[in-house]
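Below is one structure, written out as structure tokens; the observations come after it.
Positions are given from 1, in the same order as the sequence printed here.
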Amino acid sequence: MKKPICAILYDFDSTLAVTDMQNFGFIPNLGMTPAEFWGETAKFSERTGCERILSFLYTMIDQAKKKGIPLTREYLRECGKNISFFPGVTTWFSRINAYGEELGVKVEHYIVSSGNSEIIEGCSIAKEFMKIYGCEYVYDENGVACWPKLAINYTQKTQYFFRISKGAYEVNDDAGVNEKAKSRRIPYSNIVYIGDGMTDIPSMIIVKNNGGRSIAVYPKGKEEKVQDLYDDGRVNFISPADYSSGKNLEKIMKLIIQSISVNHQLNISENRDRPAD
């Protein structure tokens, strides 16, 4: 029998990275502060009525053009090279994978972000993910961003719970994600979502209500950012965003992997003991 799979879905900004990914390279290269850039995004959204995720994608193109910066995929990847992560993030994946292996559980990692997938692709941990879902551009004949290829807002994040469960990974595979599945590659109960707050609530609820586990993380000493999510029953756990060995978040994740392993063994035992027809 195949190993059970545990899929861990992560938000990126303020979940793995300590703040918004654009703040580490893209915005400083414009000669702007984060407050100035996001202020321009808000003004554009208010002036045009444009959805906020589409607004920041437009503002990135607009500001780069004004500053004479060709907004290529390669440039955006360069902007991801200096991203800073919470403690323990860079070694988290190998430790969790190894623990899963000990218990006969295959662990897979996925990003589901409303940020730029191209920036994430350039960061030091990009190789750890089976799939990176994020906002993405179409590029013109000169390789310069000209139009959103994919925009993921906070409610649209929820579709990736179903895509990953079914193994319908391509974002233009409408049939795969909507057809009734005879079997799922990953049961809902084996999916974990890790995020940091309000923008993750739809995904946290979808995962938790379908038998998976949702974890809200917060910077050390700022528990108030997520306490309401736990009190309101929207997440299973809250934890400091410290991914280091032996810390609370690792302990939670190991308990989840243990439960997946135990449930798998129980299912094997039940099938073995079931009388033949």
Side-chain angles (χ1 to χ4, degrees), residues 2-18 21 77 80 83-136 152 157-171 184-196 200 203-204 206-208 210 212-217 235-237 239 241-245 247-261:
K2 291 182 179 179
K3 287 182 180 180
I5 301 171
C6 172
I8 310 176
L9 285 54
Y10 306 82
D11 179 42
F12 192 84
D13 296 337
S14 300
T15 295
L16 296 171
V18 296
M21 64 184 72
R77 285 177 173 170
I83 290 175
S84 295
F85 298 101
F86 283 110
V89 165
T90 57
T91 61
W92 162 267
F93 306 96
S94 59
R95 283 185 280 110
I96 296 302
N97 293 348
Y99 186 75
E101 189 68 27
E102 285 178 25
L103 298 185
V105 176
K106 181 182 180 184
V107 181
E108 296 178 352
H109 308 272
Y110 299 83
I111 289 289
V112 183
S113 171
S114 292
N116 301 90
S117 64
E118 297 97 332
I119 293 179
I120 299 171
E121 288 166 5
C123 78
S124 62
I125 61 172
K127 65 184 183 298
E128 306 290 354
F129 303 102
M130 184 162 175
K131 194 78 176 175
I132 293 172
Y133 294 109
C135 298
E136 192 173 353
I152 303 176
K157 281 185 174 186
T158 58
Q159 69 169 289
Y160 298 98
F161 170 73
F162 301 102
R163 287 195 178 280
I164 290 166
S165 175
K166 290 182 175 182
Y169 294 116
E170 299 307 315
V171 296
R184 295 182 178 275
R185 182 172 180 268
I186 306 171
Y188 291 157
S189 58
N190 290 14
I191 296 178
V192 181
Y193 186 90
I194 303 179
D196 67 280
D200 298 298
S203 294
M204 290 170 167
I206 283 284
V207 173
K208 181 177 182 289
N210 280 281
R213 283 81 159 187
S214 293
I215 305 171
V217 297
V235 296
N236 301 92
F237 307 97
S239 173
D242 187 340
Y243 295 75
S244 304
S245 178
K247 296 297 184 179
N248 191 59
L249 188 55
E250 185 187 69
K251 291 177 181 177
I252 292 170
M253 197 63 240
K254 284 185 174 182
L255 285 172
I256 292 171
I257 293 171
Q258 286 174 23
S259 71
I260 291 171
S261 177

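With 3.5 Å as the limit, one finds no donor-acceptor pair spanning the side chains of Glu250 and Tyr99. Donor-acceptor pairing under 3.5 Å is recorded for the side chains of Thr15 and Asp196.
Checked against the 6.0 Å centroid criterion, the rings of Tyr243 and Phe85 do not qualify as a close aromatic pair. A centroid separation of 6.0 Å or more is found between the aromatic rings of Tyr133 and Tyr169.
Considering all non-hydrogen atoms of both residues, Ile83 and Ala17 come closest at CG2-CB, 3.7 Å.
Considering CZ of Phe86 and CG of Leu249, their distance stands at 11.0 Å, rounded to 0.5 Å. Separation of atoms CG (Leu255) and CD1 (Ile260) is listed at 11.5 Å; rounding is to 0.5 Å. Atoms CD1 and CD1, on Ile96 and Ile257 in that order, are 5.0 Å from each other to the nearest 0.5 Å. Between Glu108 atom CD and Asn97 atom CG the span is 9.5 Å, to the nearest 0.5 Å.
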*Go through the steps for Tyr188 and Phe162 under the test side-chain contact (heavy atoms from CB on, under 4.5 Å), then give the verdict.*
CA-CA 8 Å; Tyr188 291 157; Phe162 301 102; 3.4 Å; yes
*asked:* Test side-chain contact (heavy atoms from CB on, under 4.5 Å) on Val105 and Asn190; report intermediate values, then the result.
replied: CA-CA 10 Å; Val105 176; Asn190 290 14; over 6 Å; no
_Derivation and outcome, salt bridge (charged side-chain N to carboxylate O under 4.0 Å, His left out), residues Glu101 and Lys3_ = CA-CA 9 Å; Glu101 189 68 27; Lys3 287 182 180 180; 2.7 Å; yes
*Show your working on salt bridge (charged side-chain N to carboxylate O under 4.0 Å, His left out) between Lys254 and Glu102 and close with a plain yes or no.*
CA-CA 11 Å; Lys254 284 185 174 182; Glu102 285 178 25; over 6 Å; no
*Start with the C-alpha distance between Ser165 and Arg185, add both sets of side-chain angles, then the distance that settles side-chain contact (heavy atoms from CB on, under 4.5 Å), and finish with yes or no.*
CA-CA 6 Å; Ser165 175; Arg185 182 172 180 268; over 6 Å; no
_Worked check of side-chain contact (heavy atoms from CB on, under 4.5 Å) between Ile8 and Met253_ = CA-CA 9 Å; Ile8 310 176; Met253 197 63 240; 3.7 Å; yes
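Contact of the Asn248 side chain with the Phe237 side chain is not registered, since no non-hydrogen atoms from C-beta on lie closer than 4.5 Å. Using a 4.5 Å heavy-atom cutoff, the side chains of Lys131 and Ile111 are not in contact. Under the 4.5 Å side-chain criterion, counting only non-hydrogen atoms from C-beta, Ser245 is in contact with Arg95. Counting heavy atoms from C-beta outward, Lys106 and Cys6 have side chains that stay 4.5 Å or more apart. Using a 4.5 Å cut-off on side-chain heavy atoms (C-beta onward), Ser113 and Met21 make contact.
Residue Ser214 is tested with Val192, Val235, Ile206 for a side-chain contact (heavy atoms from CB on, under 4.5 Å); the sole match is Val235. The residue from Leu16, Ile215, Ile125 that alone fulfils the side-chain contact (heavy atoms from CB on, under 4.5 Å) condition with Tyr10 is Leu16.
Put simply, the side chain of Ser239 never gets that close to the backbone of Val217: no donor and acceptor are under 3.5 Å apart. A donor-acceptor contact shorter than 3.5 Å is absent between the side chain of Arg213 and the backbone of Asn236.
Taking a 6.0 Å sphere around NZ of Lys247, one finds it holds 12 or fewer heavy atoms contributed by other residues, nucleotides or ligands.
Looking at residues two or more places apart in sequence or on another chain, you find no side chain to side chain donor-acceptor pair (under 3.5 Å) involving Ser189. Contacts of Ala7 classified as side chain to side chain contact (heavy atoms under 4.5 Å, CB included), with partners at least two apart in sequence or in another chain: Leu9, Tyr110, Ile164, Ile186, Ile191.
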May I have the list of side-chain donor-acceptor pairs in residues 116-124 shorter than 3.5 Å, sequence neighbours left out?
residue: Asn116; atom: OD1; partner: Gln22; partner atom: NE2; Å: 2.9
residue: Ser117; atom: OG; partner: Cys135; partner atom: O; Å: 3.3
residue: Glu118; atom: OE2; partner: Tyr137; partner atom: N; Å: 2.9
residue: Glu118; atom: OE2; partner: Tyr139; partner atom: OH; Å: 2.6
residue: Glu121; atom: OE1; partner: Arg73; partner atom: NH1; Å: 3.3
residue: Glu121; atom: OE1; partner: Arg77; partner atom: NE; Å: 2.9
residue: Glu121; atom: OE1; partner: Arg77; partner atom: NH2; Å: 2.8

